[in-house]
Amino acid sequence: MALKTFKAMLVKDTGDNRYTRQIVDKSVEELPPGDVLVNVRYSSLNYKDALSAIGNKGVTKKYPHTPGIDAAGIVAESSVPEFSPGDEVIVTSYDLGMNTSGGFGQYIRVPAGWVVPLPGGLTLRESMIYGTAGFTAALSVFRLKESGITPDRGDVLVSGATGGVGSIAVSILSQIGYSVTAVNGISDKTAYLRKIGAKSVISIEAATDQTGRPLLKERWAGSIDAVGGDILVTTIKSTAHNGTVTCCGNIASPEMPLNVYPFILRGVRLIGIGSQNCPMPVRRKIWEKIAGEWKIVRPDPLTSEISLDELDHQIEMMLQRKRKGRTLVRMTE
Ligand SMILES: NC(=O)c1ccc[n+]([C@@H]2O[C@H](COP(=O)([O-])OP(=O)(O)OC[C@H]3O[C@@H](n4cnc5c(N)ncnc54)[C@H](OP(=O)(O)O)[C@@H]3O)[C@@H](O)[C@H]2O)c1
């Protein structure tokens, strides 16, 4: 192809456990082999990207590396019949941005099996308002509904509600008729949470049991948990008979000090949510829901748009818990 270089964030290991981030010119030839070359128009910032950007070896083993687990753009080259130059596509999950050069570069090259055609009803920009965080939120809502938790069953609790997964979960659930209680952030974001659809807001302290009792008063018909740890344990113990809790995150803690009573005495279900290897037929179905009946009517309050040059600062803000909602990264100059 004619284009020789493109802009990308590059994270380098300088030794002594230090990592630097710079916007550099990369060459298309440096990209890994793959079926589809995509000109990335939008990416988005997820917690996993922030970890990759600071050298977390659980996410990225080899540096120098370009993070970005999300990308939406236009096919530039394809060696498979399913995709042609000019197609609008979404690439999230699998190994993108982990050990494969990711969406914080203006080009990615990936296997065709990672690529989802942009569903009708969604623009490339809109798809990255959701990104992996929004996809995970939508998959959680799908599993909650599938397990029989309908709006008439009672309140649904969302933890990590000020963040990417949580904000999209609150928005979708409230829009489709659920009464949502949101767990606040470390700084008070009540006004924001109400604006995106939460009926009630509780503090992290109020969502965290201190008594150690095996069962607590039944409060929630269901829950979407994005943080893990003591909040998840408290939620499970507070879930009503035959309720469902989905679990996708470990940002508070991966530990779960819990016994079996909520499961055997109340029939509570705990459903794990893994977006990374979600099978393609389910993946496409969830994107169709996002583009259709679950499309958030007013996404502005939960969306900030930045350029690639502003990304470094936003990564710091994410790690310091000083932002909210979703951060969309514009990859065009
Ligand atoms: N399983 C999957 O497929 C999947 C997919 C996407 C994300 N995830 C995971 O889901 C989690 C959230 O991701 P995200 O992209 O939404 O991150 P994010 O935008 O940074 O949001 C993090 C949220 O968690 C809250 N939080 C952070 N530390 C906490 C703590 N110690 N106790 C209680 N709340 C805390 C934050 O509150 P404040 O900052 O307002 O204080 C914020 O609401 C991460 O663990 C991520 O790895 C999993």
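These numbers were taken from a predicted model, which means no experiment stands behind them. One-based numbering, in listed order, for ligands and for the atoms of each.
Set against the non-hydrogen atoms of S275, the atoms of ligand 1 under 4.0 Å away are 2 (C), 3 (O), 5 (C). Using a 4.0 Å cut-off to heavy atoms of C248, the atoms of ligand 1 that qualify are 1 (N), 2 (C), 4 (C), 8 (N), 9 (C), 48 (C). If you number the atoms of ligand 1 from 1 as listed, the ones under 4.0 Å from a heavy atom of R323 come out as 19 (O), 20 (O). Listed by number with element, the atoms of ligand 1 under 4.0 angstrom from any heavy atom of A252 are 30 (C), 31 (N), 32 (N). For ligand 1 and G274, the ligand atoms under 4.0 Å from any heavy atom of the residue are 3 (O). Counting the atoms of ligand 1 from 1 in the order shown, those under 4.0 Å from a heavy atom of I186 are 38 (P), 40 (O), 41 (O). If you number the atoms of ligand 1 from 1 as listed, the ones under 4.0 Å from a heavy atom of A226 come out as 10 (O), 11 (C), 12 (C).
Backbone and side-chain nitrogen or oxygen atoms of G163 are examined, and one is located within less than 3.5 angstrom of a nitrogen or oxygen of ligand 1. Residue G160 has at least one N or O atom closer than 3.5 Å to an N or O atom of ligand 1. Checked against a 3.5 angstrom limit, the closest N/O atoms of V227 and ligand 1 fall outside it. Any N or O atom pair closer than 3.5 Å counts here, and I251 shares at least one such pair with ligand 1.
The nearest pair of heavy atoms linking Y130 to W294 is OH-O, 4.5 Å. Nearest heavy atoms, G34 versus S79: O-OG, 4.5 Å. Closest approach of V170 to A182, counting heavy atoms only: CG2-CB, 4.4 Å. Here the shortest heavy-atom pairing between M256 and L232 reads SD-CD2, 3.5 Å.
Heavy atoms of V165 found under 4.0 angstrom from ligand 1 belong to the backbone as well as the side chain. Within the 4.0 Å heavy-atom criterion, neither part of K324 lies near ligand 1. Counting heavy atoms under 4.0 Å from ligand 1, residue K189 touches it through the side chain alone. When non-hydrogen atoms are compared, ligand 1 lies under 4.0 Å from the backbone of N250 as well as from its side chain.
With hydrogens and angles disregarded, no donor-acceptor distance shorter than 3.5 Å links the side chain of T60 to the backbone of K57. The backbone N or O of G97 lies less than 3.5 Å from no partner atom in the side chain of T100, so there is not a single donor-acceptor pair. No donor-acceptor pair under 3.5 Å is formed between the side chain of E88 and the backbone N or O of T123. At least one donor-acceptor pair closer than 3.5 Å links the side chain of E30 to the backbone N or O of S27.
A salt bridge links K7 with D25; the closest basic N to acidic carboxylate O contact falls under 4.0 Å.
Residue, atom and distance of the protein heavy atom nearest to atom 37 (O) of ligand 1 are T162 OG1, 3.2 Å. Remark: minimum distance from atom 6 (C) of ligand 1 to any protein heavy atom is reached at T136 OG1, 3.5 Å. Among protein heavy atoms, atom 17 (O) of ligand 1 sits closest to Y47 CB, 3.5 Å. With respect to atom 19 (O) of ligand 1, the closest heavy atom belonging to the protein is G164 N, 2.9 Å.
Closest heavy-atom approach to atom 20 (O) of ligand 1 within the set R321, K322, M318: this belongs to M318.
Note on ligand 1: K48 sits outside its first shell, no heavy atom being nearer than 4.0 Å.
R266 forms no cation-pi arrangement with Y261, by the criterion of a distance under 6.0 Å to the ring centre and an angle within 45° of the ring axis.
By the salt bridge (charged side-chain N to carboxylate O under 4.0 Å, His left out) test, R298 is found to be paired with no residue, residues two or more places apart in sequence or in another chain being considered.
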- Could you walk me through whether R143 and E146 pass salt bridge (Lys or Arg N to Asp or Glu O under 4.0 Å), step by step? CA-CA 5 Å; R143 296 296 182 216; E146 194 179 51; 3.0 Å; yes

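Side-chain atoms of D225 and S159 include a donor-acceptor pair closer than 3.5 Å.
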